[in-house]
J.: 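Encoded as structure tokens, here's the structure I'll be asking about.
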Amino acid sequence: MEHQPMECSYSNNPMSQKKPNSLLTSEAKNDQQPVLAPESDIASQFIWPDHEKPCFDAPELEVPTIDMTVLSSGDPLAVSKAAELVNEACKKHGLFLVSNHGVDSGLLDRAHEYMNFFFGLQLSDKQKAKGEIGYGYTNSFVGRYSSKFPWMESLTLRYCPDVQDIMVEYLVNKFGEDMRQFGYEYCEAMEKLSLRIMELIGISLGLEQSYLRDFFQENDSILRMDYYPPCKRPDLTLGVGPHSDPPSLTILHQDLVGGLQVLTDGKWHSVTPIPGTLIINIDDTFMALSNGIYKSCLHRAVVNNQTARKSLVFFLNPRMDKTVTPPACLVTSKNPRKYPDFTWATLLHFVHNHYRVDMKTMDAFSKWIQEQEPNNKIQA
């Protein structure tokens, strides 16, 4: 969300033709590291165009808070009311909050302790945590873009039972065995919660309660830790620029510093942190799965000149090879097909090799995939 856009790819994807846009650059520049220090004048690469510069007086976004115990309450009226609130929020801007979510507060506290330790390391030590593209430590995507760098750092781990994450092994050597246990526990808790949320979202779309849960039961998900240092000129840059995220669902735990902004009704709105709640975002893949009924949340992050900001992000993704196609009941004469069929692996390839994630990623991807696969046309 306010996090760095979700971007990664897999080299074994058959669609390897690379036509990067003007903002993508050669990997040869990976050794050029920007300065992310509160006392430093910011480099020109971090300065955003005037029409994209941050606003610090954004009005508060009206967001419903859903009590997750409603699903087990046995009260159909309460479930219906919660589903109605989810439906309204996801059609309007794609974001809502959940409370009584069952994620242990001690687990969240430990996550922030790990983040404090890791991001407090020297840059040379953090760089040792670089992994395959899209995973490990990244610092403003140096070498990927020629301008509009985000003012942030991140550490990204893959969560999939069938895949050994070499980054976890590195972090275990760095942090000790507690890191392995923490990563497993945190992702397991978030996966469990995300599947419960999918049950509620399914109800809100008029689907069987188990439909979306079953769709995402096998998933290839991601855990990311994001760090936004203080910035001397927060009026010139952004922690991360305007975008929606390619995955299906985001569960965000942010600290109390604030900085998340969401675009709705043509204006940026702030989302103030509320203790005890988690932020839920609809993402691009789910927008396609819902046949465009639900909006992928358009958001960005602003930074400040005094306090570092941290967030913990869990991205729920379908299995890499699972076809994303909307349920038949969501395709009607009034709402014909919006996007062609695709797989999560193909979308990942596109956003890494062809397109910088922004607010129109799915439109660009839809056009691209139909060019690559002439038989994969949108059918009503």
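Position 1 is the first residue of the sequence, and the numbers go up from there.
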J.: Among residues at least two apart in sequence or on other chains, which ones pass side-chain contact (heavy atoms from CB on, under 4.5 Å) with Ser80?
T.: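 Testing Ser80 for side-chain contact (heavy atoms from CB on, under 4.5 Å), a comparison that skips the adjacent residues, returns none.
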
J.: Apply salt bridge (charged side-chain N to carboxylate O under 4.0 Å, His left out) to Glu199 and list each qualifying residue two or more places apart in sequence or on a separate chain.
T.: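 For Glu199, the residues satisfying salt bridge (charged side-chain N to carboxylate O under 4.0 Å, His left out) (neighbours in sequence not counted) are Arg213.
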
J.: For the residue pair Tyr228 and Ser311, confirm or rule out a side-chain donor-acceptor distance under 3.5 Å.
T.: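 On atom types as modelled, these side chains do not qualify, holding no pair under 3.5 Å.
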
J.: Can you pull out every side chain to side chain donor-acceptor pair (under 3.5 Å) where at least one residue sits in residues 54-69? Sequence neighbours excluded, please.
T.: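 Of all non-adjacent pairs touching residues 54-69, those that pass side chain to side chain donor-acceptor pair (under 3.5 Å) are Glu60-Thr272, Asp67-Thr69, Asp67-Asn100.
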
J.: Looking at Asp220 and Arg158, is any side-chain nitrogen of the basic one under 4.0 Å from a carboxylate oxygen of the acidic one?
T.: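 Counted as a salt bridge, because a side-chain N and a carboxylate O are separated by less than 4.0 Å.
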
J.: Got a sec, which residues hit side-chain contact (heavy atoms from CB on, under 4.5 Å) with Asp104, two or more places apart in sequence or on another chain?
T.: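 Testing Asp104 for side-chain contact (heavy atoms from CB on, under 4.5 Å), a comparison that skips the adjacent residues, returns Leu107.
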
J.: Can you name the ring pair (Phe, Tyr, Trp, His ring centres under 6.0 Å) partners of Phe365, sequence neighbours left out?
T.: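 Here the qualifying residues are Phe342, Phe350.
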
J.: Ring centres of His269 and His93 under 6.0 Å apart?
T.: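 No - the distance between ring centres of His269 and His93 does not fall below the 6.0 Å cut-off.
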
J.: Does Phe117 have any ring pair (Phe, Tyr, Trp, His ring centres under 6.0 Å) partners at least two apart in sequence or in another chain, and if so, which?
T.: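 In terms of ring pair (Phe, Tyr, Trp, His ring centres under 6.0 Å), with neighbours along the sequence ignored, Phe117 is linked to Phe175.
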
J.: Please list, chain by chain and in numerical order, all residues satisfying salt bridge (charged side-chain N to carboxylate O under 4.0 Å, His left out) with Asp109, sequence neighbours excluded.
T.: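 By the salt bridge (charged side-chain N to carboxylate O under 4.0 Å, His left out) rule, Asp109 matches no residue at all.
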
J.: Distance only, no hydrogens: is a donor on one side chain within 3.5 Å (strictly under) of an acceptor on the other, for Asp283 and Thr285?
T.: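 Per modelled atom types, Asp283 and Thr285 side chains form no pair under 3.5 Å.
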
J.: Please enumerate all residues that pass side-chain hydrogen bond (donor to acceptor under 3.5 Å, both in side chains) together with Asp363, with sequence neighbours excluded.
T.: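 With sequence neighbours excluded, Asp363 shows a side-chain hydrogen bond (donor to acceptor under 3.5 Å, both in side chains) to no residue whatsoever.
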
J.: Are the charged groups of Asp265 and Lys92 less than 4.0 angstrom apart, N to O?
T.: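 Between Lys92 and Asp265 there is a salt bridge, with a charged N closer than 4.0 Å to a carboxylate O.
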
J.: Test question: given the 4.5 Å side-chain rule for I, L, V, M, F, W and Y, name all other residues clustered with Trp268, or answer none.
T.: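 Taking Ile, Leu, Val, Met, Phe, Trp and Tyr as members, Trp268 shares its hydrophobic cluster with Leu263, Leu298, Met359.
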
J.: Return the set of residues passing salt bridge (charged side-chain N to carboxylate O under 4.0 Å, His left out) with Lys126 (not counting sequence neighbours), or none when no residue passes.
T.: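 Lys126 satisfies salt bridge (charged side-chain N to carboxylate O under 4.0 Å, His left out) with Glu153 only.
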
J.: Name all residues meeting the salt bridge (charged side-chain N to carboxylate O under 4.0 Å, His left out) criterion together with Glu52; count only those two or more places apart in sequence or in a different chain, and write none if there are none.
T.: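 Glu52: salt bridge (charged side-chain N to carboxylate O under 4.0 Å, His left out) contacts with Lys148.
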
J.: For Arg356, is there an ion pair with Asp358 - N to carboxylate O distance below 4.0 angstrom?
T.: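 Salt bridge: no.
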
J.: Check ring pair (Phe, Tyr, Trp, His ring centres under 6.0 Å) between Phe314 and all other residues, then give those that pass, not counting sequence neighbours.
T.: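 Counting only residues at least two positions away or on another chain, Phe314 forms no ring pair (Phe, Tyr, Trp, His ring centres under 6.0 Å).
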
